[in-house]
Amino acid sequence: MARKIIIDTDPGVDDAMAIFFALRSPELDVIGLTTVFGNVHTDLATTNALRLLEIAGRTDIPVAKGADDPLAGPFKGPVPFVHGDDGQGNANLPAPRSRPIDQPAAAFIVEQIMAAPGEITLVPIGPLTNIALALRLEPRIAQHVKEVVLMGGNALCPGNATPAAEANIHNDPEAADVVFGAGWPVTMVGLDVTHQVNMTPEHLARYAASDDPLAQHIARIIPHYRAYFERANPGMRGIYVHDSSAIAYVIDPTLFETRQWPLRVETQGVSRGKTWPAVGTGAEQLPAAWRNRPPVNVCVGVDAERLIALEAGRLT
Ligand code: BDR
Ligand code: CA
């Protein structure tokens, strides 16, 4: 039976790829999209989620609008230089005809998990605000969720939003620290692996050559995003595959190598948003901040070519 997932998302070019990848994967049953600020403001994230479902012919899937701001303080603003002014590579998409449901994202998440204990997997691919708010609303979701598989964080490597921090975690470190500490099964698919998954222009050409409408949308929104990566990383060709890597983990965890560590998120100073796994200390000298924290399943290795082929096989 297909695994029921809720994707919490800030679409976003790579979010669009991830959503389409999930929709085209028979192993998954996408029962809702919830939206959050990050790559764009939440209103535009919601508009984009609706547009993407229209392109995919899946307006049967509900979209629930989420938080406009992080738990502590206002949203610092979108990243048009990465994802375009519209979050979709400046593709100038028409306005959607469909509308979000009236229920806020956190309430939708709670209702779905409590109605189907042990069945729902959360796949957050944006800042973790909605997930922390859902835990606040109903802490028992921690016992009733099947699994949380999130894109975010950097365990043993530098960040991308800052030298210290990855963008999703940097956008709401307080929420991330709650999510990593909630005592539910969490897998972190962070930059440790997504920076190993490089879709080259040759890989991307498959999307451009396909007449599938989802592949065509991807091919249309990629150029702006790719140009950012190539400016930011001299010598790089193509893009890193962030959000689709979380979808790939849910479909086939054997693509990844993982380690289990208690993990804290820095909320202060220049390292704000850095995810710190308890690496390098034995259990008897574990500092208090990491003690009594549950282990997080952290992805540290990936079979990148197999992942890229899996996604292209579904979408081209
Ligand atoms: C994450 O930040 C966003 O730009 C992407 O959509 C992805 O979720 C990568 O750090
Ligand atoms: Ca995202």
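The figures here come from the full heavy-atom set of this structure, side chains too, leaving out hydrogens, waters and symmetry mates. Start at 1 and go down the list; that is how both ligands and their atoms are numbered. What you see is a predicted model; the values in this text were computed from it and never measured.
For the atom pair Ile7 CD1 and Leu28 CG, the distance stands at 7.5 Å (nearest 0.5 Å).
Within a 6.0 Å sphere centred on CG of Asp60, heavy atoms belonging to other residues, nucleotides or ligands number more than 12. Within 6.0 Å of atom CZ in Arg231, more than 12 heavy atoms from other residues, nucleotides or ligands are found, so the atom counts as buried in its surroundings. Applying the 6.0 Å contact sphere to CZ of Arg99 captures no more than 12 heavy atoms from other residues, nucleotides or ligands.
Near Asn160, the atoms of ligand 1 lying under 4.0 angstrom from a non-hydrogen atom of the residue are 9 (C), 10 (O). Taking a cut-off of under 4.0 Å to the non-hydrogen atoms of Ala167, the atoms of ligand 1 that pass are 2 (O), 10 (O). Under a 4.0 Å criterion applied to the non-hydrogen atoms of Asp15, ligand 1 contributes the atoms 6 (O).
When non-hydrogen atoms are compared, ligand 1 lies under 4.0 Å from the side chain of Asp243 (C-beta onward) but not from its backbone.
Between Tyr240 and His195, the two ring planes are tilted [angle within 30° to 60°].
Between Arg24 and Glu311 there is no salt bridge, since none of the side-chain N atoms of the basic residue sits less than 4.0 Å from a carboxylate O of the acidic one. Lys4 has a carboxylate O that lies under 4.0 Å from a charged side-chain N of Glu119, or vice versa, which qualifies the two as a salt bridge. Look at Arg136 and Glu138 and you find no salt bridge, because none of the NZ, NE, NH1 or NH2 atoms lies under 4.0 Å from a carboxylate O. Electrostatic pairing of Lys274 and Glu166 does not count as a salt bridge here, judged by no charged N lying under 4.0 Å from a carboxylate O. Look at Asp177 and Arg293 and you find a salt bridge, because one of the NZ, NE, NH1 or NH2 atoms lies within 4.0 Å of a carboxylate O, short of that distance.
Summary of contacts: the protein heavy atom closest to atom 2 (O) of ligand 1 is Asn168 OD1, 3.4 Å. The closest protein non-hydrogen atom to atom 4 (O) of ligand 1 is Asn39 OD1, 2.7 Å.
Only protein N, O or S atoms were scored, and 5 of them lie under 3.0 Å from the Ca ion (ligand 2).
Assignment of Val82 to the shell around ligand 1 is not supported, since no heavy atom sits closer than 4.0 Å.
Between the side chains of Asn154 and Asp192, no donor N or O sits under 3.5 Å from an acceptor N or O.
When Glu166, His242, His195 are checked for heavy-atom proximity to atom 1 (C) of ligand 1, Glu166 turns out nearest.
Geometrically, ligand 1 and Met151 share no nitrogen or oxygen pair separated by less than 3.5 Å. Close N/O approach between Asp14 and ligand 1 is found [any backbone or side-chain N/O within under 3.5 Å].
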